[in-house]
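Numbers here simply count residues along the sequence, with the first being 1. Ligands are counted one by one from 1 in listed order, and the atoms in each one are counted from 1 as well.
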Amino acid sequence: MKMNELDPALHGARRARLAQAMQAGVAVIATAPQRIRNRDTHFPYRFDSHFYYLTGFPEPEAVLVIVAGAQPRSLLFCREKNEERETWDGFRFGPKGAQERFGFDACHPIAELDAKLTALLGDQPALYYPVGADATWDARAMGWLNAVRANARAGVAAPERVQDVRALVDEMRLVKDAHELGIMRKAASISAGAHRRAIRAARPGGYEFELEAELLHEFRRNGAQFPAYWPIVAGGANTCVLHYASNDAALNAGDLVLIDAGCELGGYASDITRTFPVSERFSAAQRAVYEVVLAAQAAAIEKVRAGNGWNEPHDAAVRVLAQGMLDLKLLSGSLDEVLEKETYKRFYMHRTGHWLGLDVHDAGDYKRAGKWRSLAPGMVLTVEPGLYIRAADDVPAPLRGIGVRIEDDALVTENGCELITAEAPKSIADIEALKRDAKHDAG
Ligand code: GLY
Ligand code: MN
Ligand code: MN
């Protein structure tokens, strides 16, 4: 999705909904700063997710202001046009261009933000902004409030309430609209293709980083701007390191590889994990562990449906995994004991999923008023059980060093869920068939 395919009406409608939720007051939401990587080199620029959700505006140094009320208004503060800077760094919209293209009621140079806000906040009941997210903006917000208070003798009242705007926007972002789902399906499809490519490319004597390169190549050649998070490519015993990051070990015949990787397309994340053999076939021990995780994922997916509680997929996965740990002789005792004492956590120590959207661990509460929230159509979550068997004396020898995770992205629908990452193969038969094809194609 290219930036110029954005529909300003869509973001305008989101701003109107936020203004309605606020009822009154002024919201201020800045985009992310450009961040230095080292000395005078920057990280690739990535906008703030809340800001982007409400604007579609891609440039740094921009701030959205929404004035709620009977006739809500939204204003953008952004960089001015600058021929010299544009010669070095590229196009910028400037206030006039931004107003025409993005449908704001008014746009102003970013340098006018403090002065304009001091005027806008007069006689308003509340200032909404991401409270505590960034110390510089916290100080700046206090500066605006104090500047308004300095006008008290002229009869101007300062806002009495400061509220975190994220609570309102998080709730909006939790349920995806058709536009978002279109992008998320595309992102999921690109990532699934990247996993197929990596499964085909894995070979004994290769390196984890070679598979990382296959993933990144496939993301980018399909137009995805970034990986949504840095890919995990873990071979052999590295499969048991949950956030393995170095991706630099050799791949050995007989080992598994665990890849957790997803692209970001048009701001939206995808998040897939597949685990597969370096060579053509799973060993008997790998197959046994894999089948447990696959069954746990199926049980969890079965529980992803509107009306079910957030925790139901996790509980279903844990039950199957715990029984599997008993069957594999990783644990002893009864299933009830294992669940009650949570001894399964030695081999399954993370949750079964998270919200997915503009952020890979997306916005939205998991509990409300002390209760797990109910799933509703339009929510997107991951389903990602795993089993990680670190080598130890009390673990059956053939299972030592086997780690398996299987992760898909699920859209909650009226009658169940749609797995938007289904194009990435995951049955043992499908994975082994893909490896056979790859070998055949390589001659
Ligand atoms: N890739 C991040 C996660 O699975 O949560
Ligand atoms: Mn995930
Ligand atoms: Mn993941």
Handout entry: Under 3.5 Å side-chain donor-acceptor pair for H354 and E384
Key = yes

Fill in the blank from the handout: Note: ligand 1 atoms sitting under 4.0 Å from heavy atoms of H361 are 2 (C), 3 (C), 5 (O)

Exercise for the section: For H354, take its heavy atoms, then give the atoms of ligand 1 lying under 4.0 Å from any of them. Expected result: 3 (C), 4 (O), 5 (O)

Completion exercise
Heavy-atom proximity to atom 1 (N) of ligand 1, picking from L242, I232, I272, D271, points to D271

Practice task
Give the numbers and elements of all ligand 1 atoms closer than 4.0 Å to a heavy atom of D260.
Solution key: 1 (N), 4 (O)

Handout entry: Pair H50 and Y52, ring centroids less than 6.0 Å apart
Key = no

Handout entry: Close side-chain approach of M184 and D409, heavy atoms under 4.5 Å
Key = no

Practice task
May I ask you to check whether over 12 heavy atoms, not counting those of R319, lie within 6.0 Å of atom CZ?
Solution key: no

Practice task
Answer yes or no: is there a donor N or O on one side and an acceptor on the other, between the side chain of R166 and the main chain of V131, under 3.5 Å?
Solution key: yes

Handout entry: Salt bridge flag under 4.0 Å for residues E61 and R92
Key = no

Problem - Q99 and L76, any side-chain heavy atoms less than 4.5 Å apart - result: no

Problem - Within-2.8 Å protein N/O/S contacts of the Mn ion (ligand 3) - result: D260 OD1, D260 OD2, D271 OD1, E407 OE1

Problem - F282 side chain near I431 side chain, heavy-atom distance below 4.5 Å - result: yes

Handout entry: Close-contact set for ligand 1 against E407 heavy atoms, below 4.0 Å
Key = 4 (O)

